[in-house]
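Shown next, in structure tokens, is the structure this report addresses.
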Amino acid sequence: MKEKHTVEDVKNKSVYVSTYGCQMNINDSERMYSLLEMANYTPVSTPDQASLIIINSCSVREKPVHKVHSEVGRYRKLKQKNPNLKIGVAGCVAQQEKKKLFKDVPNLDFVFGPDNIDELPSLVSRLEQGDEKFVSARFDHQKPYQIETLIRNPGVASFVNITKGCDNFCTFCVVPFTRGRERSRNLKALITDINALTKRGVKEITLLGQNVNSYKSDCGVGFSGLLKAVAEDTNVERIRYTTSHPKDFDRELAEVMQKYREKICDYVHLPVQSGNSEVLERMNRGYTREEFIDKALMIKECIPGVSFSSDIIVGFPGETEKQFEDTLTLLDEVQFDSIYAYKYSARPFTKAAKFEDQLTEKEKTARLHKLFDYHNVIATRLSRKFVGTTLKVLIETFDEKTGRVMGRSSQNKVVHCVGDKKLIGQTVDVKVIQAFAQTLRGELVSQKL
Ligand code: SAH
Ligand code: SF4
Ligand code: F3S
């Protein structure tokens with residue numbers, strides 16, 4: 001890090017938040033900035049300008065945990081230069097480690113969990129009053145999940161939390177321990193929230209939760225009902241959601257997606273994790289290989305042309321070469337447009353961490369490479385199918401250097417084409433001329449300036 005700023009440059013109350021992990025954390029960091037802005041903190045874009053640094057951490061795999069430790073280490077010099085600098089760790093590592101973090105990470109001033117973000121203004125005032133090395137990481141399981149989305153400058157696309165926590169306890173996953181029990185937001189409050197965002201120019205919202213399709217409003221409405229209400233009772237142009245769990249994905253949901261296809265995007269992220277039923281059983285996923293394939297076929301039948309993506313873990317404890325190959329053949333059967341694949345990483349508190357037959361790093365790495373190579377062929381073939389077609393693309397950004405705009409199609413394909421800054425926020429027709437495995441290049445068909 002270049003330390004071109006002096007202590008004098010550091011504003012009295014300025015905050016930098018560094019974010020790891022999933023969309024929930026991205027949304028949570030935005031919430032922290034909003035809350036601190038209300039408490040007279042100025043958000044800054046580099047840590048050396050800040051009087052307060054928060055690391056919003058992720059603990060889903062081992063590597064992101066290491067990143068937190070090394071990032072706080074890097075701030076040692078800043079702290080020597082400015083003894084008033086305060087450093088906090090938030091997010092899932094904070095929830096998992098709590099006060100243990102002070103022992104491992106000496107420069108730390110405070111720790112707070114994902115359920116304590118709204119206390120941030122009072123936590124920073126404790127810091128200002130000289131309180132040090134404190135933790136706020138308690139879940140209030142009785143409290144209903146009532147929040148309002150806080151985003152300082154919503155762009156074209158925004159995330160909206162609909163549930164928090166997870167009750168599924170997949171045997172590899174730390175999330176139920178770091179995010180607590182599952183809770184859903186009230187349906188009416190969500191609609192009001194989304195309407196407020198669209199009034200501020202938001203065109204696309206992504207409904208967020210660890211397991212969105214187990215959403216249950218206090219008035220009894222489930223996830224399909226929520227999607228229907230968002231499609232009917234708000235002006236949002238596009239609706240996405242993530243993540244849906246295969247065991248809870250029913251025909252009703254696919255039918256609602258098809259019925260409101262103009263608004264609800266043609267894209268389903270359906271994490272399979274493994275293509276072998278025995279592994280799935282030991283993962284406690286709640287479905288077999290065959291059931292997953294049947295579900296994917298049902299969705300494709302209800303929503304012709306729908307795109308799929310998935311999460312996959314390789315090298316789960318005890319996974320044999322043959323069982324791993326079942327994951328490869330599943331890719332042939334389901335044809336995911338993209339995959340997010342990871343080497344299994346043993347996590348604290350989880351059942352699988354205690355399973356016998358943990359694989360070596362070398363075995364896991366070899367399987368991961370094999371999986372990506374195998375999928376790359378499929379992804380490229382699927383992507384090429386778009387060449388010559390015209391897609392509706394919601395433009396999100398403009399790059400001055402290249403003169404190109406970037407947006408996504410309903411199928412979540414990233415599309416680049418020559419365009420104008422004024423197109424940001426508009427849905428335009430783009431004819432695809434070239435396909436890569438993950439992105440498409442096209443040209444504008446109509447331009448509504
Ligand atoms: N709620 C979502 C996913 C949350 S975590 C779901 O149920 O699908 C995102 C992804 O991280 C998971 O889908 C899984 O593929 C991966 N993951 C979770 N725990 C992991 C672990 N211990 N090792 C490797 N990958 C893991
Ligand atoms: Fe983790 Fe499973 Fe819950 Fe997803 S559904 S967050 S993988 S426990
Ligand atoms: Fe990571 Fe926590 Fe999200 S573990 S993936 S930041 S829920």
Side-chain angles (χ1 to χ4, degrees), residues 20-22 24-25 55-73 89-105 111 113-114 137 139 165-182 210-211 243 245-247 271-287 310-328 339-372:
Y20 296 89
C22 61
M24 304 248 168
N25 261 16
I55 298 158
N56 193 10
S57 63
C58 170
S59 137
V60 81
R61 283 167 292 279
E62 203 177 359
K63 261 198 195 148
V65 176
H66 287 157
K67 284 187 190 156
V68 173
H69 288 224
S70 61
E71 183 163 345
V72 180
V89 171
C92 290
V93 177
Q95 190 65 41
Q96 175 188 304
E97 302 287 306
K98 301 194 188 72
K99 68 174 195 286
K100 254 174 67 198
L101 272 174
F102 294 123
K103 222 170 67 201
D104 299 341
V105 191
V111 170
F139 284 113
C166 181
D167 292 348
N168 283 326
F169 291 92
C170 301
T171 55
F172 52 81
C173 186
V174 77
V175 172
F177 303 96
T178 60
R179 295 270 167 171
R181 298 291 56 77
E182 192 175 279
Q210 289 299 348
N211 186 2
T243 301
H245 196 298
K247 75 176 165 51
V272 65
Q273 314 297 359
S274 165
N276 177 274
S277 296
E278 284 159 34
V279 174
L280 287 169
E281 163 113 46
R282 283 188 297 119
M283 287 177 162
N284 189 32
R285 287 293 288 178
Y287 52 86
S310 198
D311 290 349
I312 291 170
I313 295 176
V314 298
F316 185 75
E319 183 191 66
T320 63
E321 192 62 33
K322 169 80 195 55
Q323 289 171 333
F324 166 67
E325 276 163 21
D326 285 345
T327 299
L328 299 180
I339 56 164
Y340 303 86
Y342 314 96
K343 290 186 269 186
Y344 168 75
S345 164
R347 307 311 301 128
F349 320 119
T350 60
K351 280 193 178 160
K354 297 187 202 86
F355 287 178
E356 286 175 9
D357 305 322
Q358 302 274 335
L359 277 79
T360 63
E361 253 334 273
K362 207 171 147 202
E363 286 167 310
K364 289 191 265 187
T365 305
R367 285 184 194 176
L368 190 66
H369 286 155
K370 215 167 174 181
L371 179 70
F372 278 131

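Model, not experiment: these values are computed from the prediction.
- A 4.5 Å side-chain heavy-atom check between N276 and F324 finds every atom pair outside the cut-off.
- A donor-acceptor pair under 3.5 Å links the side-chain atoms of T327 to the main chain of G275, judged by distance alone.
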List the atom pairs, donor and acceptor, that lie under 3.5 Å between side-chain atoms in residues 174-182 and the rest of the protein, sequence neighbours left out.
{"from": "T178", "atom 1": "OG1", "to": "V175", "atom 2": "O", "distance (Å)": "3.3"}
{"from": "R179", "atom 1": "NH1", "to": "D28", "atom 2": "OD2", "distance (Å)": "3.0"}
{"from": "R179", "atom 1": "NH2", "to": "N25", "atom 2": "OD1", "distance (Å)": "2.4"}
{"from": "R181", "atom 1": "NE", "to": "D167", "atom 2": "OD1", "distance (Å)": "2.7"}
{"from": "R181", "atom 1": "NH2", "to": "C166", "atom 2": "O", "distance (Å)": "2.8"}
{"from": "R181", "atom 1": "NH2", "to": "P176", "atom 2": "O", "distance (Å)": "3.3"}
{"from": "E182", "atom 1": "OE1", "to": "S214", "atom 2": "OG", "distance (Å)": "3.1"}
{"from": "E182", "atom 1": "OE2", "to": "S214", "atom 2": "OG", "distance (Å)": "2.7"}

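- Put simply, CG on L371 and CD1 on I313 are 11.5 Å apart, with the number rounded to the nearest 0.5 Å.
- Formation of a donor-acceptor pair under 3.5 Å by the Q358 side chain with backbone atoms of A352 is found in this model.
- By the salt bridge (Lys or Arg N to Asp or Glu O under 4.0 Å) test, R367 pairs with E319, E321, sequence neighbours left out.
- Distance alone, capped at 3.5 Å, places no donor-acceptor pair between the S310 side chain and the I339 backbone.
- Residues D311 and V272 fail the side-chain proximity criterion, which asks for heavy atoms closer than 4.5 Å.
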Salt bridge (Lys or Arg N to Asp or Glu O under 4.0 Å) between K100 and D104, intermediate numbers included: CA-CA 7 Å; K100 254 174 67 198; D104 299 341; 5.8 Å; no

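- Atom-to-atom distance recorded for E62:CD and H66:NE2 is 4.5 Å, nearest 0.5 angstrom.
- Taken to the nearest 0.5 Å, the SG atom of C58 stands 9.5 Å off from the CD atom of Q96.
- Taking both residues in full, the closest heavy atoms of L359 and G318 are given as CD1-N, 3.6 Å, listed atom of the first, atom of the second, then distance.
- Residues F172 and Q273 form a side-chain contact, since some pair of their non-hydrogen atoms from C-beta on lies under 4.5 Å apart.
- Within 6.0 Å of the NZ atom in K247, the count of heavy atoms belonging to other residues, nucleotides or ligands exceeds 12.
- Looking at R282, its side chain does come within 3.5 Å of a backbone N or O of P317 through a donor-acceptor pair.
- Between the CG atom of D326 and the CD atom of E278 there is a distance of 8.5 Å, given to the nearest 0.5 Å.
- With hydrogens and angles ignored, the 3.5 Å screen pairs no side-chain donor or acceptor of T171 with any backbone N or O of K351.
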Stepwise side-chain contact (heavy atoms from CB on, under 4.5 Å) check, Q210 with M24: CA-CA 9 Å; Q210 289 299 348; M24 304 248 168; 4.1 Å; yes

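- Inter-residue side-chain proximity for M283 and S274 is flagged as met; some heavy-atom pair is nearer than 4.5 Å.
- Remark: the backbone N or O of V65 is not paired with any side-chain donor or acceptor of Y20 at under 3.5 angstrom.
- Between the side chain of R285 and the backbone N or O of P271, at least one donor-acceptor pair lies under 3.5 Å.
- Listed by first then second residue, pairs satisfying side-chain hydrogen bond (donor to acceptor under 3.5 Å, both in side chains) with a partner in residues 339-348 read K343-E361, K343-T365, not counting sequence neighbours.
- Nearest heavy atom pair, residue S57 against residue A94, reads OG-N, 3.7 Å.
- Put simply, the residue from V105, V68, I55 that forms a side chain to side chain contact (heavy atoms under 4.5 Å, CB included) with V93 is V68.
- The side-chain heavy atoms of V111 and E97, taken from C-beta on, include no pair separated by under 4.5 Å.
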